Amino acid sequence: MQIATWNVNSLKVRLPHVLDWLQTTGCDVLGLQELKLDNDANAKLVEEFKNIGYQFVYNGQKTYNGVAFISKHPIEDITLDIPGYDDIQKRVIAATVNGVRVICTYFVNGESIGSEKYQYKLEWLSKLHGYVSSQLQSHKRLILLGDYNIAPEPRDTYDPAIWEGQVLCSEPEREAFQKLIALGLIDSFRHFNQEDRQYTWWDYRNLAFRRKQGLRIDHLLVTPDIINVASSCVVDTAPRKLERPSDHAPVVITLNI
DNA sequence: ATGGCAGTGCCTCACTGA
């Protein structure tokens, strides 16, 4: 069973890439972020994915944000947003597939240190922590996946001299990431891969992808009960090489279940 | 030294992203 995360930066533009990728890889469950589509697009998308054998469930809004699941297997116990946190931005969808609880998230970007959006990011991170903590009480097999907008360590940026202390790399953001780890979660990519220069996002500018100038900001944090049945976690850079790509690449974990 | 790309919608500019 393969479970993946992918920030598509507009599903309207990237729909052909997503359809091709699902058919090429046979991925079982794909969590998407940044669909940038209102929920009125839902019926068309449900049909598009049904035609290739997948279910589609969406939590979206016009222009910004938006998260979704695409799955070959039944999507059960769907929860939208962070319960108890009043937030108009659509950043979270959770569901259970084949007994695995998957929380798909688009973390706040934060713009710059000290900005209002940065304050919102820190508040949102605190609310997410509470939600994940409560979900862990009832789910031993859990995956928190998505675009975290946090590079956990200096080696997760192509040039720490540029990025250290900036948004995505600041201490409060990294502490929030470590607080998720402290809940008992494991960074599944690092569990399998210690090599440097492994990224999931590359700026559209400056030929960043060709120059291998990226950040590792898309993650799958998993419980011990998941890592025990996992055999790999890889970044699939193939879609980043296509015409009109998303600036993010999918990250895929393979489970022996 | 600067800004450089991409997507959306209030669409020929502003906003957001990372």
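In the text below, chain A, chain B and the rest are named by the order of the sequence lines, each starting its count at 1. As the structure is a prediction and not an experimental result, all values here were calculated from the model. Only heavy atoms go into these numbers, but all of them, side chains included; no hydrogens, no water, no symmetry mates.
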Q. Do the side chains of A/Leu221 and A/Ile143 get nearer than 4.5 Å, heavy atoms only?
A. no
Q.
Can you confirm whether A/Tyr199 sits close enough to A/His248 that some side-chain heavy atom of one is under 4.5 Å from a side-chain heavy atom of the other?
A. no
Without decimals, in angstroms, what is the distance between [X] [atom1] and [N] [atom2]?
X        : N      : atom1 : atom2 : result
A/Lys117 : B/dT16 : NZ    : P     : 4 Å
A/Tyr199 : B/dA18 : OH    : P     : 18 Å
A/Tyr158 : B/dA18 : OH    : P     : 15 Å
A/Tyr204 : B/dG17 : OH    : C1'   : 10 Å
A/Arg244 : B/dA6  : CZ    : C1'   : 8 Å
A/Arg240 : B/dA18 : CZ    : P     : 13 Å

Q: Name the nucleic acid region contacted by A/Asn149, choosing base, sugar-phosphate or nothing; use a 4.0 angstrom heavy-atom cut-off, strictly under.
A: sugar-phosphate
(Q) What's A/Tyr106 touching, base or sugar-phosphate or nothing? Going by heavy atoms closer than 4.0 Å. (A) sugar-phosphate
Q. Going 5' to 3' along nucleotides 9-14 of chain B, which nucleotides have protein heavy atoms under 4.0 Å from the base (write B), which only from the sugar-phosphate (write S), and which from neither (write -)?
A. SS----
Q: Could you work out the separation of B/dG4 and B/dC13 based on their P atoms and round it to a whole Å?
A: 16 Å
Q) When rounded to the nearest Å, what value does the distance between P atoms of B/dA18 and B/dA6 take? A) 16 Å
Q | A/Asn59 and A/Asp81: side chain donor to acceptor below 3.5 Å | A | yes
Q. In terms of side-chain geometry, is the basic nitrogen of A/Asp156 or A/Arg216 positioned less than 4.0 Å from the acidic oxygen of its partner?
A. yes
Q. Does A/Glu76 pair with A/Arg101 as a salt bridge, N-O distance under 4.0 Å?
A. no
Q) Is there a donor and acceptor pair, one atom on the side chain of A/Asn206 and one on the base of B/dG4, closer than 3.5 Å? A) yes
Q) Strictly under 6.0 Å, is that where the ring centroids of A/Phe56 and A/Phe49 end up? A) yes
